[in-house]
Every structure is written in C-alpha cells, then in structure tokens.
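Structure first, then comments.
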Amino acid sequence: MKIEDVEKEILEEFEFFGDDWEAKYEHLIDLGKSLPLIEAQFKTEENIIQGCQSRVWLNSELKDGKMIFTADSDAIITKGMVALMIRVLSGQKPEDIVNAKMDFVDKIGLKEHLSPTRANGLVSMINRMKKEAILNIEK
Amino acid sequence: MIDIKKIREQFPILQQKVNGKPLVYFDNGATSQKPEVVIDAIGNFYKTGNSNIHRGVHTLSRLATEQFEQSRKTIATHFHIKNEQQIIFTSGTTDSINKVAQGLAKHHLKSGDEIILSTYEHHSNILPWQLWAQKNGGVLKVIPLLEDNSLDYVAFENLFSEKTKLVAITHVSNTLGLITNLQKIKELTQKYNVPFLLDGAQSAPHMRIDLNQIEPDFFVCSAHKMYGPTGAGILYLSEKWLGTLPLASTGGGTIKTVTFEKTEYAEGALRFEPGTPHIAGAIGFATAIKFMDEVGMNHLYEHESYLVNHAQKALKQIREVELYGANDHKAGVISFNVKGQHPFDVGTLLDKYGIAVRTGHHCTQPLMQCLGVQGTVRISFAVYNTIEEVDFFIEKLKKVITMLQ
C-alpha cells in the first residue's frame, strides 16, 4: 500500500470516533499495546530517541529496497503514536518516506503530540526515520 | 476561614476553559497564576509610571524610584526584615543562587572545600555548586533520605568537617512537598559555624517565613511562584554578607564614583543590581506579596494543607496509586505514580479533562534516582484551588487508570 493509502485508512478509522476523545485515546492505547515489540537486541542506547519524559527506541533496516522499522516506547500513548508512524512508513521505499508529509496526525486530531513542547520524542522519531531513509537512498 | 470564591474571582485566567473543560490548575509548583491586582500594577506602571530609576531628576523618574524602593520595603517587611537593603532584586531563584555561588567562589571557597546539599535539591541548587566544584577541586556532600523520604539529620551532622564552607538547602522539596527541619539546620550550622543558604522557591508561596528568626546567611525565592510576574525574584543577604559578598557581575547603577583606574561601589542592595532592573517586575512582586498578606499566610497555609490532606487521603484509597513522601506536614505538593503506568500517559489524559499537572523528573533527577523512578505525577496547590477541584481530579484519575489498563 502507498503511504497516502495507509494515511487514508487511518483517517477513516479515526473518523469513526468523531469528537469522542476518550474513545480516540482508548484506541490509541490499544494500538500501543498491539505494537510488535522491537527485538531486545535492538533496544540499545544507540537506538534510543531521548525525549524529556517518554523514551522511544527505533530500529531500521533496508529489505528488498524498502525500509523496515520496529520500535517501542515506555509510555503507552507515545507507543500508540509510534505504532501509527510505523504503520505509515514501515515497508515503504526510502524516497517515499523522505517526501511523506505526515499531516494525517493533524487530521485525526492528535497534532498536540507533534508539538515541540511535548516531551515525548515523537518529532525526533520522525526526523530519525527520514534521516535513515535518506542514508539508504544514497546507498 | 477565607472565601475561596471571592479569591478565585480575582484570577482572570481561572475563568477560562481548556480542551472545552473548566481549567483545573494544579501546576502551581511550576508557576502560579496572577491576580488582577498584580496584572494591573504591572500594566499601570507602563501606562502611567514608566521611567528609569535612581538617576533622573524629573518627576516620573522620582516616582518610579519611590515605587521601586517601596516594593523593596514591602518585601522586606513580609519576610520580617527591618533593613530593606538586605533584599536584592534578581531575575529569580536561579539567578540569586548563581550570584551567591559566583560571589563566594571569588574569595570564600577554596580548592578542597566542601559544600553540603540535600537529596531534595532542584537542579538550580546543584549546578552552580557543581560548576564551582569541578573548576576548583571542590567537593559536594549530600544529605541522604530516610525510609519515609525525610532528610537524615544524623547523617547530615556527620557530613560536617573543617572544610565545610556552606550548607545550601531547600526549605521545601519541589517534588515531594516535604518541609525541611529549619530548627535542625540552624542548630547544626551554628554549631559548626558554617553559613547557610535557604532556597525558598517552594516554601515562600505557601507559608509564613520569618528571616529574622531563621537567620539564614542567604535566602532566595521567585516572584512567579508567589502570584507575581516571571523574571523577578530576590536574594536576601544577612548583614555580614551585604557588605562582604563579592560581586558576580557589575555595571551601571552599582557605583558611587568611577574613574578609569578605580571604582567606589555603592552601599547596600544597589551594589548587587547592575544595569536597569526589572522595575515593573519588582512592583508586581510587591503587589503579589500584598495580595498574599491580605489573605494571610497562615490562612493560606491552612487552606492548602486542607487540600493536601484531602487529596492524599483520597489517593491512598486508590489501589493502583503509589504516593511518595506522604506526610501531613507538607507545603502544597503531592507526588505519585499509577503503578505500571508512565507518568507522561497519566498527565496527558488528565490534561484532556482540563486538569493541569506536572509530570517528569521536576528538575530533581538525583531525587528520582533515590526514589527509583523515572518520574512522577505532581499536583501542587495554590490558594485559589478548591475541594471540588480535588474531588473532580480524583474522579478523573480513576477514569484515567481504567483507560490505561
């Protein structure tokens, strides 16, 4: 599936909740719980993205010309957000990842998690995903 | 008893909604909200009184100087100080501590000297001393905690040596709300003849402080946690240090006479206030102090203690909650975690209900390491908070716990 298609799918999924933020967050928490954990060997200091409060671990590899991301976070809401990012960007070509706008986060009403005042490391995570993608284009 | 409804009406910000819900502001430990009188005092200064102080011959300058110096007096009186020259205006607690650290480093502190701090300290009362220690081969010694998270005063006494040159300690833990035993600190620092700095950032907003009776060498606090503006605070110096503390920085306003060869410095507070000070900040701070004095510091403390005890009791009833430093004798602050949940998640969901709390390490990472946690959720009260708000918070916290499970 293309990035835009996955984003559209997520958008539809969240539209179902309307203005019910509690249901939206419960869904986000469920997503966090269902994220396949990163393999223990990749939960290293190198792979850690330091937010001020919650931490994110991200591992990436190139497989058949596509980026594969696995990740984890110690906060469940952050992990839910991480799960969404992975769903959109993992399995995509590096050049598509670099160009991804990621504005679906705003559209589903979770923009607050990407504001720089949020101490959760998500913005740094997206930057890291794009950086890894750039490195793999150059290869 | 104080009329909380009337007090709340004086805070414009409390009338608004956040995320569509009435604002429940429990992050007063970070900064308190400001009453209309403070906002007006600052606004009016710029509207009708603005002028530079201490130099001008014109009417506005004279009036501004009077207002600024009157503010110093108001603050001195609040802390039971007769000589207002002992109150120096700074940009806040952090600035005040740095002024002392840089001043002491010039003469008083030598290589191999020791400074005693406590496990409670905010990073602002660690870093200036650490910087000195690293640069000059100094040693920082730390008062450990007992099982109940109070300070271990027996261990404290054992930390003293001939090389101890300062005790720098917080009056109230900003993370736990626990109050340090000033009697004990005074007794030991006098016994070993060591000066002490009292960090009042978290005590001055909540309780009556009599510096004449406590007799610290240095006392520091910030206006913005005391219903006043940001960027303003004080450094109190005892008579001894007022004349002898070396200057951390210098410039216009601090002098009597200057030639290119030599400068004769002014006496009193002015010596420590180079450049144009935050005049509106000082006036706003004094107005905030008057607001607190009108409520009455004892009334204020009683009301906040009532809220703390009510909240702690309710939190103890929730099986999933772990409290840190739970104690009846506290200054407006409670720290807790929901077992198995990250404080960030708890804080994020509470925010969605319009409840503002603080999560994380609260700039006290050494204390976090001591408690064995990454962070906590902290609620901290001010005089305008109500029992109804506490009950609403407890109800929503229970909901949040269900959501996270």
Side-chain angles (χ1 to χ4, degrees), chain A residues 14 17-35 37-38 43 45 48-58 71-85 105-106 108-125, chain B residues 17-23 27 29-31 122-123 175 230 320 335-365 367-369 371-378 392 395-405:
Chain A
F14 275 82
F17 302 115
D19 287 338
D20 185 352
W21 75 264
E22 284 173 334
K24 206 185 274 178
Y25 269 78
E26 268 163 3
H27 183 61
L28 198 59
I29 290 164
D30 284 343
L31 287 176
K33 287 178 181 164
S34 64
L35 179 71
L37 288 177
I38 192 169
K43 230 171 158 175
E45 278 298 313
I48 206 165
I49 299 169
Q50 195 74 46
C52 183
Q53 296 191 21
S54 61
R55 291 175 295 176
V56 174
W57 290 266
L58 175 75
D72 196 4
S73 172
D74 52 0
I76 197 75
I77 293 172
T78 308
K79 204 170 158 187
M81 292 296 295
V82 168
L84 288 176
M85 307 297 164
V105 180
D106 191 2
I108 58 174
L110 294 170
K111 184 179 66 166
E112 67 219 52
H113 292 283
L114 292 188
S115 99
T117 59
R118 282 281 166 179
N120 57 14
L122 272 175
V123 177
S124 317
M125 177 186 162
Chain B
K17 291 192 169 176
V18 167
N19 290 325
K21 318 270 183 328
L23 168 65
D27 193 19
T31 196
H122 188 282
H123 295 164
T175 298
T230 54
E320 295 85 352
S335 246
F336 69 93
N337 265 324
V338 175
K339 289 173 196 159
Q341 306 298 349
H342 200 287
F344 176 83
D345 290 326
V346 179
T348 300
L349 293 175
L350 285 172
D351 173 58
K352 301 298 288 182
Y353 288 109
I355 304 169
V357 302
R358 184 70 177 264
T359 63
H361 53 63
H362 319 296
C363 295
T364 55
Q365 287 184 5
L367 175 60
M368 291 295 123
Q369 287 148 19
L371 296 172
V373 294
Q374 281 270 338
T376 69
V377 182
R378 181 185 76 177
F392 178 75
E395 179 198 322
K396 294 308 173 196
L397 177 65
K398 285 179 183 162
K399 184 83 213 291
V400 165
I401 293 171
T402 323
M403 281 176 82
L404 285 171
Q405 273 165 353

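Convention: sequence-line order gives letters A, B, ...; per-chain numbering from 1. Computed from a predicted structure; not experimentally measured.
Proximity of A:Tyr25 to B:Leu404: side-chain heavy atoms (C-beta onward) are nowhere separated by under 4.5 Å.
Within 6.0 Å of atom NZ in A:Lys24, more than 12 heavy atoms from other residues, nucleotides or ligands are found, so the atom counts as buried in its surroundings.
Of the two parts of A:Ile29, only the side chain, counted from C-beta on, holds a non-hydrogen atom closer than 4.5 Å to a non-hydrogen atom of chain B.
The pair B:Lys399-A:Glu22 meets the salt-bridge criterion, with a side-chain N (NZ, NE, NH1 or NH2) lying under 4.0 Å from an Asp/Glu carboxylate O.
In this structure, CD on B:Gln341 lies 9.5 Å from CD1 on A:Ile77, to the nearest 0.5 angstrom. If you take OG on A:Ser54 and CD on B:Gln374, they are separated by 10.0 Å, rounding to the nearest 0.5 Å. Between the CG atom of B:Leu349 and the CD1 atom of A:Ile76 there is a distance of 11.0 Å, given to the nearest 0.5 Å.
Of all the heavy atoms in A:Thr78 and B:Phe344, the pair that sits closest is OG1-CE2, 3.3 Å.
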